[in-house]
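See structure below.
The analysis underlying the following values was restricted to heavy atoms, covering all of them including side chains, and did not include hydrogens, waters or symmetry mates. A, B, ... follow the sequence lines: proteins, then strands. Residue 1 opens every chain.
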Amino acid sequence: MVAYPADVIAELERKANLIRSHIIRMTRAAGSGHPGGSLSSTDLLSALFFKVMNHRPSDPFWDDRDRFVLSKGHAAPAYYATLAESGYFPIEELMTLRKLNTRLQGHPSMNKLPGVEMSTGSLGQGLSVANGMGLAAKLDRKTYRIYCICGDGEMQSGQIWEAAMLGAHFELDNVTAFVDRNMLQIDGPTEKIMSIEPLADKWKAFGWNVIEIDGHDMRQILDACDRAKDTRSKPTMVIAHTVKGKGVSFMENALSFHGKTPNDEEAKKALRELGEDQ
Amino acid sequence: MNWKYASQRKEYGRALIELGKMRKDVVVLDADLSGSTRTADFAKEFPEHFFNCGIAEQNMMGTAAGFAASGKVVFASSFAVFATGRCWDQIRQSIAYPKLNVKICATHAGITVGGDGASHQTGEDIALMRTLPNMTVVVPVDAQETYKTTKTFADWPGPCYLRMSRLDFPVITDPETPFKIGKGTLLREGDDITLVGCGVMVSRCLEAAETLEKRKISAQVINMSSIKPLDEGLLESAAKRTGGFVTAEEHNVVSGLGCAVSCYLAEHRPTPLRRVGLMDTFGESGEGEELMRKYGLTADKIIEAAEEVMKRR
Ligand SMILES: Cc1ncc(C[n+]2csc(CCOP(=O)(O)OP(=O)(O)O)c2C)c(N)n1
Ligand SMILES: [Mg+2]
């Protein structure tokens with residue numbers, strides 16, 4: 001296990017907090033969008049883009065970059081804020097989210113925004129795409145890796161399990177996927193709407209290397225990515241236990257903030273909690 | 001024009017509850033969007049007849065087919081893009097081909113979905129559904145007609161598709177306005193040109209007709225909510241009377257209402273026609289009304305098209 005220095009971890013946590021404040025401001029300005037699932041994916045995204053992945057924001061189409069697919073495309077606000085903080089486009093542009101003529105579409109569009117590798121939004125499809133990228137890398141004898149974040153409600157989609165089969169069948173050890181296990185979907189808790197448990201056993205049975213972590217613990221996220229890199233002939237599924245709305249007290253585990261944006265009052269309160277109200 | 005606005009989705013939910021009260025053979029399925037589609041309203045009243053299938057639209061359609069094959073009348077809902085495109089083959093193989101009693105009632109059709117952008121909008125659903133043999137396709141003009149369509153579907157044999165919007169739309173009809181599958185409604189009479197619309201575009205046609213009137217063009221307006229079966233008799237008489245058409249839909253001009261109308265006319269009574277709709281493009285994020293303007297779903301576009309048709313008549 002790599003011992004990451006405390007300052008590296010602290011810097012990632014600081015970045016994640018900044019991303020969270022962007023999410024609040026962006027969704028407030030847009031008046032629509034998905035804060036809950038954005039906040040639960042924030043730490044995963046920060047770890048990936050600010051530490052784990054090989055990428056060059058000044059050269060977004062660099063051949064050997066690691067690839068990323070946001071299968072749960074509705075977490076676009078978190079994704080865009082992470083891309084902007086990485087340097088793919090100006091931070092100011094974040095405030096154009098969902099506005100007419102913006103590059104920041106409600107769900108990611110790869111032909112509009114540099115850094116976005118795949119257009120997503122219709123759930124259940126991203127993992128297949130990540131697999132395709134993994135196969136292409138192998139075909140070209142490239143060593144770049146592919147990362148993908150799925151929702152836990154998204155696990156209900158049949159295509160996810162078709163992708164599970166394919167990834168294991170072709171031994172895609174260059175694919176590392178995450179499931180943002182925040183226990184909620186739109187209509188309620190996943191286990192009440194359409195249970196997905198035992199989730200780890202399912203992925204194991206499908207032939208994946210399965211790692212369970214606290215999806216808000218930077219060390220655990222980095223460690224999981226390292227272990228995935230060291231795993232041969234199996235793709236990795238990281239089950240990241242998360243809290244929907246993480247970081248803002250009144251959004252945490254609140255079903256309503258899946259697709260509802262904070263009003264002025266709530267946004268102010270959220271930013272205060274994040275220490276980003278200047 | 002000063003419109004009153006009302007929600008189609010709300011009326012869908014209300015009709016489902018009434019059906020639930022009237023008959024025991026109705027079941028309702030959804031795919032994790034029950035609050036938005038308003039099937040949650042039914043679920044609250046009749047929890048035993050409601051089944052949330054999770055984020056798995058293909059499986060929902062197969063399950064609906066099984067229910068229908070067991071004698072149930074099934075209402076299955078999601079956003080239009082997922083309810084048609086995601087599970088088209090399940091609908092084709094397990095619902096349309098065996099001619100089962102599944103009513104696919106989809107909300108958030110067209111581009112007035114707004115901020116979610118192209119992945120959640122759809123200009124293809126009418127095309128996908130109307131190309132299926134055995135499928136009935138209705139695009140209600142407003143909230144009231146949505147209510148009537150839902151109730152009518154329960155007694156109409158075979159697979160049906162109902163298209164609803166996210167936004168509230170202008171109120172065009174009242175509880176007494178007749179609604180019949182296979183029938184269009186002549187909302188305004190005119191001698192020079194016929195404007196045929198469906199959904200929200202009917203209100204744009206009525207606005208266009210008013211402006212055209214001032215320009216000495218007498219336009220009649222048809223609400224063609226029944227896209228399949230199409231009201232061919234009404235098209236026939238309109239062609240005879242006016243000799244020119246403009247169609248208008250919040251849908252791709254490819255294979256939607258405009259194509260249905262022009263195919264009929266081309267075969268039976270060739271008549272000059274122009275289509276107003278999405279010009280073979282995906283949508284994008286923005287406010288619904290803004291998008292309508294950007295993509296030319298406006299009274300102005302209908303007027304422009306009408307004036308062009310007038311030159312060719
Ligand atoms: C195929 C498809 N069906 C329905 C939707 C609508 N939808 C958007 S988000 C969502 C719930 C997602 O839940 P989950 O995967 O748990 O995401 P998270 O909790 O991380 O936000 C649904 C049903 C969609 N985007 N795609
Ligand atoms: Mg979830």
Please check if atom [atom1] in [X] has more than 12 non-hydrogen atoms from other residues, nucleotides or ligands closer than 6.0 Å.
{"X": "B/Lys10", "atom1": "NZ", "value": "no"}
{"X": "B/Tyr97", "atom1": "OH", "value": "no"}
{"X": "B/Arg92", "atom1": "CZ", "value": "no"}
{"X": "B/Phe46", "atom1": "CZ", "value": "yes"}

Can you tell me which of [options] forms the most heavy-atom pairs within a distance under 4.5 Å of chain B?
{"options": "A/Asn101, A/Leu97, A/Leu104, A/Thr190", "value": "A/Asn101"}
{"options": "A/Gln125, A/Gln159, A/Gln156, A/Met194", "value": "A/Gln156"}
{"options": "A/Lys112, A/Met155, A/Gln105, A/Glu154", "value": "A/Gln105"}
{"options": "A/Gly259, A/Gly188, A/Ser32, A/Gly153", "value": "A/Gly153"}

Legend entry - Inter-chain contacts: residues 285-300 of chain B against chain A, heavy atoms under 4.5 Å: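 Hits under 4.5 Å: B/Ser285, B/Gly286, B/Glu290, B/Leu291, B/Lys294.
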Inset, instruction - Keeping the roles fixed (side chain from A/His107, backbone from B/Ala118), state whether a donor-acceptor pair exists under 3.5 Å. - result: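 Side chain of A/His107 to backbone of B/Ala118, a donor-acceptor pair under 3.5 Å: no, none is there.
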Quick one: [atom1] on [X] to [atom2] on [Y], what's the gap to the nearest 0.5 Å?
{"X": "A/Ile193", "Y": "B/Asp30", "atom1": "CD1", "atom2": "CG", "result": "9.5 Å"}
{"X": "A/Ile186", "Y": "B/Ser36", "atom1": "CD1", "atom2": "OG", "result": "6.0 Å"}
{"X": "A/Gln185", "Y": "B/Asn52", "atom1": "CD", "atom2": "CG", "result": "7.0 Å"}

Legend entry - Heavy-atom side-chain proximity of A/Leu100 to B/Glu284 below 4.5 angstrom: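 Answer yes - side chains close enough.
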Minimum heavy-atom distance between [X] and [Y], given as atom pair plus value:
{"X": "B/Arg86", "Y": "A/Leu123", "answer": "NH2-O, 2.7 Å"}
{"X": "B/Leu33", "Y": "A/Asp187", "answer": "N-OD2, 3.3 Å"}
{"X": "B/Ser119", "Y": "A/Ser122", "answer": "CB-N, 4.5 Å"}

Inset, instruction - Counting only heavy atoms closer than 4.5 Å, note whether B/Asp32 contacts chain A via side chain, backbone, both or neither. - result: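 Answer is both: backbone and side chain atoms of B/Asp32 are under 4.5 Å from chain A.
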Inset, instruction - Please state whether the side chain, the backbone, both or neither of A/Lys192 comes within less than 4.5 Å of a heavy atom of chain B. - result: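 Neither part, no heavy atoms under 4.5 Å.
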Legend entry - Residue A/His74 versus chain B: region with a heavy atom under 4.5 Å: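 It is neither, since no heavy atom gets under 4.5 Å.
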